[in-house]
J.: 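Quick one: this structure, given as structure tokens, is what I'll be asking you about.
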There are 2 protein chains.
Amino acid sequence: MGGLGGLLDGVRLSPAQRRIALYLSEHLDEAIFLSSVELAERAGVSQPSVTRFAVALGFAGYPELRQALRPLVLGRTAGEPGLIESAIDGEIRNLGLLRSRLDGAPAVEAGHGQAPPPPLRIKEAGEALAAADPLPIFGLRVSAGLATTLGYYARLIHPDVRLFTHGGSELLDGLRIVQRAGAQWVLAVVLPRYPAESIQALEYADKLGLRRVVITDRPGLPADITLDAPVGDRLVFDSHAAPLAVAMALVEAMADAAPLRTQARLEDYERSSDEAGIFLPGEPP
Amino acid sequence: MGGLGGLLDGVRLSPAQRRIALYLSEHLDEAIFLSSVELAERAGVSQPSVTRFAVALGFAGYPELRQALRPLVLGRTAGEPGLIESAIDGEIRNLGLLRSRLDGAPAVEAGHGQAPPPPLRIKEAGEALAAADPLPIFGLRVSAGLATTLGYYARLIHPDVRLFTHGGSELLDGLRIVQRAGAQWVLAVVLPRYPAESIQALEYADKLGLRRVVITDRPGLPADITLDAPVGDRLVFDSHAAPLAVAMALVEAMADAAPLRTQARLEDYERSSDEAGIFLPGEPP
DNA sequence: CTGCCTTTGAATAGGTTCATTCACGAAGGG
DNA sequence: CCCTTCGTGAATGAACCTATTCAAAGGCAG
């Protein structure tokens with residue numbers, strides 16, 4: 001992983017240079033800030049070896065190599081960012097903010113900055129949802145797509161997922177039915193613009209005694225656990241890369257919370273989908 | 001936009017320092033690589049003003065400020081990256097690669113690198129799909145979620161979108177029906193693992209004379225325009241941030257290709273959803 | 001107009017970075 | 001056994017970066 005973008009095409013590398021390449025590929029994102037001395041230290045080689053490495057790759061010197069590495073980490077190029085490009089930049093930044101919140105560490109150290117956002121309780125939510133049975137999931141309107149993805153993955157590792165992508169009485173009925181069936185939790189996706197129906201459903205779920213995990217873009221919705229991640233709003237329509245990442249992290253947490261069940265279900269799924277020839281030959285998901 | 005993460009809380013800034021802050025907020029992502037001299041040049045102030053700016057913000061010096069700025073651009077912290085974190089790093093990198101492909105510029109300048117990937121024909125696809133009527137969209141299994149999102153947005157700006165998220169004869173029938181109704185194009189989402197049904201449907205669409213835009217993660221599928229973006233495969237399940245971004249770019253291109261219709265439909269939608277009270281009060285999408 | 005304060009940039013000194021040079025040691029062939 | 005070739009790291013000097021000093025310019029009260 002962490003490929004160097006084919007930078008080392010057909011170049012023959014000496015042992016020390018291979019060590020540099022190894023370090024680069026494993027720590028690419030901090031390497032772009034390192035000086036040649038620092039990189040040499042961490043790779044365990046001498047500083048001239050770093051310079052020689054850069055030259056061997058066809059660069060004029062180490063600064064040029066470092067500059068060429070930058071687009072591999074944050075996809076900037078010299079080109080003027082167009083609308084689409086800056087939208088993607090924004091999504092990259094959204095994912096970056098999400099990532100730093102997951103660390104628990106504040107993004108900014110110095111300064112007399114304001115209070116950091118509360119940490120995301122993904123692990124806790126994953127454990128709760130993994131134990132929930134049945135597991136209702138809903139997402140209306142623009143959130144239907146993400147709810148569908150969540151539902152698809154959740155079904156692969158959970159025995160009883162009930163997906164709702166349409167509102168109205170069907171959703172409220174469905175919530176009541178799952179509650180009667182023993183549900184304790186509900187998972188909702190509520191991205192802007194916030195449908196009144198979604199809020200109503202969250203309040204109704206509370207009345208039913210269901211606890212609510214909500215994937216959204218800002219705190220403040222009626223929920224017991226809020227997993228918020230910023231949406232990209234630079235284009236005509238919102239882009240949901242960061243909420244999608246939160247959803248993936250949540251599914252991962254659910255899988256972690258019930259490892260044996262997850263493994264058994266995935267293996268079973270693998271076998272039966274192979275037999276039925278559902279997918280083209282290739283690696284499992 | 002491009003906020004500085006509340007770094008300038010209650011600090012009083014002199015005119016020259018405001019110019020620095022302005023430049024930083026607008027070019028944050030390149031600023032983190034600039035020396036104090038370079039930043040001073042671009043902000044139109046003297047180099048000491050940059051140092052004083054950093055000190056005024058509570059940092060020990062300019063290097064400390066620059067270091068604190070880094071997490072704002074790429075959300076790295078000192079913390080060891082866990083599984084989730086490195087998955088998000090991977091998605092950030094995927095978006096970066098996508099971004100550099102959109103520029104048309106190769107991500108890496110020097111080196112004797114291999115052939116760059118072909119550019120993404122998003123604009124062309126957007127124009128074709130905007131003119132298509134009716135517009136069939138399909139995505140099966142794990143691709144159903146992204147197809148649903150695409151369908152939701154496309155419907156807001158296109159008069160006749162037909163969404164298919166289930167395979168089988170229903171899909172093939174549906175393709176034949178839209179073809180009889182005058183469709184010229186079909187938009188498909190085919191992410192791994194590739195359902196045999198999806199490939200079959202693409203081949204059938206070809207037989208019907210439909211041209212095919214496919215959002216996927218690698219070239220090689222039967223398609224007339226392939227929009228490929230890498231998926232993140234570090235977790236139990238694949239993550240689709242980059243294909244989602246491609247989808248958003250495609251919708252944007254469709255909107256651009258028919259600006260009048262887009263504006264009219266969005267305004268109409270805005271009015272009617274307001275009247276019906278569908279959404280909580282807030283800004284339009 | 002004078003004195004005081006703030007702000008700013010030129011000049012400078014001290015530290016760091018990087019490419020080059022040179023010497024040492026290991027591997028391989030005669 | 002010697003010699004060549006190659007890779008490596010210590011040492012070096014030029015270029016660069018940053019913080020500090022200092023003087024000039026502008027605003028403002030008296």
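The analysis underlying the following values was restricted to heavy atoms, covering all of them including side chains, and did not include hydrogens, waters or symmetry mates. Numbered from 1 within each chain, the chains take letters A, B, ... in sequence-line order.
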J.: Under 4.0 angstrom, heavy atoms only, what part of the nucleic acid is B:R66 near: base, sugar-phosphate, or nothing?
T.: sugar-phosphate
J.: In plain terms, say whether B:K123 and B:E252 are close enough for a salt bridge, that is, a side-chain N and a carboxylate O under 4.0 Å apart.
T.: no
J.: Nearest whole angstrom, please: distance from the P of C:dC18 to the CD of A:Q67.
T.: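 Atom CD in A:Q67 sits about 13 Å away from atom P in C:dC18.
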J.: Tell me whether the OP1 or OP2 atom of C:dT16 has a side-chain N or O from A:S35 closer than 4.0 Å.
T.: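 Result: no.
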J.: Identify whether the distance between the nearest side-chain nitrogen and carboxylate oxygen of A:D224 and A:R121 falls below 4.0 Å.
T.: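 Salt bridge: no.
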J.: Could you give the CD-to-P distance, from A:Q17 to D:dT8, as a whole number of Å?
T.: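 Distance, rounded to whole Å: 6 Å.
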J.: Salt bridge between B:E85 and A:R101, side-chain N to carboxylate O under 4.0 Å?
T.: no
J.: With a 4.0 Å cut-off on N to O distance, would you call B:R42 and B:E30 a salt bridge?
T.: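 Yes.
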J.: Between atom CD in A:E38 and atom C1' in C:dC18, what is the gap in whole Å?
T.: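 Rounding to the nearest Å, CD of A:E38 and C1' of C:dC18 are 13 Å apart.
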J.: Test A:R99 against B:E91 for salt bridge (charged side-chain N to carboxylate O under 4.0 Å, His left out), laying out the working first.
T.: CA-CA 11 Å; A:R99 210 218 104 135; B:E91 287 293 71; over 6 Å; no
J.: Rounded off to whole Å, could you give me the CZ-to-C1' distance for the A:F33 and D:dC17 pair?
T.: 18 Å
J.: Between atom CG in B:L13 and atom P in C:dT8, what is the gap in whole Å?
T.: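 Taking CG of B:L13 and P of C:dT8, I get 10 Å after rounding.
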J.: Please determine whether a side-chain nitrogen or oxygen atom of A:S36 lies at a distance below 4.0 Å from atom OP1 or OP2 of C:dC18.
T.: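 Yes, within the criterion.
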J.: Rounded to the Å, how far apart are A:E64 CD and C:dA19 C1'?
T.: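 From A:E64 CD to C:dA19 C1': 11 Å.
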J.: When you measure from every atom of DNA chain D, which of residues 39-52 of chain B have a heavy atom less than 4.0 Å away?
T.: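 Heavy-atom contacts with DNA chain D come from B:Q47, B:P48, B:T51.
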J.: Does B:Y153 have any ring-ring contact (aromatic ring centres under 6.0 Å, His included) partners at least two apart in sequence or in another chain, and if so, which?
T.: A:F237
J.: Heavy atoms, side chains only, cut-off 4.5 Å: are A:L24 and A:F53 in contact?
T.: yes
J.: Between A:R19 (CZ) and D:dG9 (P), how many Å, whole number?
T.: 8 Å
J.: Which nucleotide sits closest to the side chain of B:Y62: D:dT18, D:dG7, C:dT8?
T.: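 In terms of side-chain proximity for B:Y62, the closest of D:dT18, D:dG7, C:dT8 is D:dT18.
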